[in-house]
Peer 1: 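Please read through the structure below; I'll follow up with questions.
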Amino acid sequence: MGYSREDQETSLVFDYSTGEWTVYSTVPKHIRKLANLTELFVIEYEDGRPIAVRGTLTEKQVSMKNIPKKREMTEEQRQQAAERLSKARNAL
């Protein structure tokens with residue numbers, strides 16, 4: 001069963017002096033993805049599956065990107081966009 005959803009976590013800690021990330025995870029999805037990126041030290045097993053792991057990633061293996069805010073449109077803007085889309089579809 002592993003950890004309950006409330007207890008699952010993944011943490012990344014960056015060490016500027018070495019340029020490496022230390023990762024710890026109890027989230028099954030993250031454990032599977034991390035296993036493809038680096039060698040993991042398994043802290044805890046359950047039924048032959050790792051349920052808690054620790055590993056090291058290089059600086060370039062981790063990226064952070066800005067996610068644009070959801071665009072909020074007025075009703076008039078929404079109507080204009082719908083008309084443009086309709087014209088574009090009819091032109092095909």
Side-chain angles (χ1 to χ4, degrees):
M1 179 71 189
Y3 289 89
S4 69
R5 287 186 180 255
E6 293 81 24
D7 292 332
Q8 290 180 8
E9 65 181 3
T10 297
S11 63
L12 290 162
V13 177
F14 183 69
D15 182 344
Y16 190 77
S17 64
T18 64
E20 294 180 331
W21 291 90
T22 300
V23 60
Y24 166 82
S25 185
T26 57
V27 179
K29 179 180 177 180
H30 297 171
I31 292 172
R32 287 190 299 274
K33 288 183 177 191
L34 288 165
N36 292 327
L37 293 173
T38 189
E39 186 175 330
L40 296 174
F41 173 73
V42 179
I43 299 169
E44 199 173 341
Y45 282 101
E46 185 175 276
D47 298 329
R49 295 179 303 112
I51 61 169
V53 298
R54 186 176 63 231
T56 303
L57 299 170
T58 65
E59 185 172 4
K60 295 190 186 258
Q61 286 178 297
V62 177
S63 69
M64 295 179 215
K65 53 186 169 182
N66 292 328
I67 299 173
K69 293 181 182 178
K70 186 176 177 183
R71 182 177 174 190
E72 294 186 26
M73 299 171 74
T74 65
E75 191 57 43
E76 182 179 345
Q77 290 172 323
R78 194 172 287 118
Q79 182 63 34
Q80 290 171 347
E83 289 172 8
R84 285 192 305 272
L85 180 59
S86 179
K87 285 180 187 177
R89 285 182 176 163
N90 292 334
L92 297 177

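Quick caveat: nothing in here was measured; it's all calculated off a predicted structure.
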Peer 1: Check whether Phe41 and Leu34 end up in the same hydrophobic cluster, where Ile, Leu, Val, Met, Phe, Trp and Tyr are linked by side-chain heavy atoms less than 4.5 Å apart.
Peer 2: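 Different hydrophobic clusters.
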Peer 1: What distance do Leu40 atom CG and Arg32 atom CZ have between them, rounded to the nearest 0.5 Å?
Peer 2: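 Reported to 0.5 Å precision, the distance equals 13.0 Å.
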Peer 1: Can you tell me how far CZ of Arg49 sits from CD of Glu44, rounded to the nearest 0.5 angstrom?
Peer 2: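 Taking CD in Glu44 and CZ in Arg49, the distance rounds to 11.5 Å.
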Peer 1: Could you state the interatomic distance from CD (Gln80) to OG1 (Thr74), rounded to the nearest 0.5 Å?
Peer 2: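 These two atoms lie 7.0 Å from each other.
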Peer 1: Looking only at heavy atoms, which two atoms of Gln77 and Glu72 are closest? And how far apart?
Peer 2: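 So the two residues come closest at OE1-O, 4.1 Å.
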Peer 1: Quick one: CG on Asn36 to CD1 on Ile31, what's the gap to the nearest 0.5 Å?
Peer 2: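 One gets 12.5 Å once the value is rounded to the nearest 0.5 Å.
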Peer 1: Nearest 0.5 angstrom please: Gln79 CD to Arg84 CZ, how far?
Peer 2: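 That separation rounds to 10.5 Å.
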Peer 1: Table please: side-chain donor-acceptor pairs of residues 19-30 below 3.5 Å, with sequence neighbours left out.
Peer 2:
residue	atom	partner	partner atom	Å
Ser25	OG	Thr10	OG1	2.7
Ser25	OG	Val27	N	3.1
Thr26	OG1	Glu9	N	2.9
Thr26	OG1	Glu9	O	3.3
His30	ND1	Thr10	OG1	2.6

Peer 1: If you count heavy atoms of other groups shown closer than 6.0 angstrom to CD of Glu76, is the number above 12?
Peer 2: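 Incorrect, the count does not exceed 12.
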Peer 1: Quick check on Phe14: does its CZ atom have over 12 non-hydrogen neighbours (other residues, nucleotides or ligands) under 6.0 Å away?
Peer 2: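 Counting neighbours around CZ of Phe14, more than 12 heavy atoms of other residues, nucleotides or ligands fall under 6.0 Å, so yes.
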Peer 1: Taking the side chain as every heavy atom from C-beta outward, state whether Leu57 and Leu12 have any pair of such atoms under 4.5 Å apart.
Peer 2: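 Result yes, sub-4.5 Å side-chain heavy-atom pair found.
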Peer 1: Quick one: closest heavy-atom pair of Pro50 and Val42, and the distance?
Peer 2: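 So the two residues come closest at CB-CG1, 3.8 Å.
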Peer 1: Is it true that a side-chain atom of Glu46 and a backbone atom of Gly2 form a donor plus acceptor pair closer than 3.5 Å?
Peer 2: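 Looks like yes, one N/O pair under 3.5 Å.
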Peer 1: If I compare all heavy atoms of Met73 with all of Arg78, which pair ends up nearest, and what's the gap?
Peer 2: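 Looking at all heavy atoms of both residues, the shortest contact is O-NH2, 3.3 Å.
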Peer 1: How many angstroms lie between CD in Glu59 and CG in Asp15, if you round to the nearest 0.5 Å?
Peer 2: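 Answer for the CD-CG pair, Glu59 versus Asp15, is 10.5 Å.
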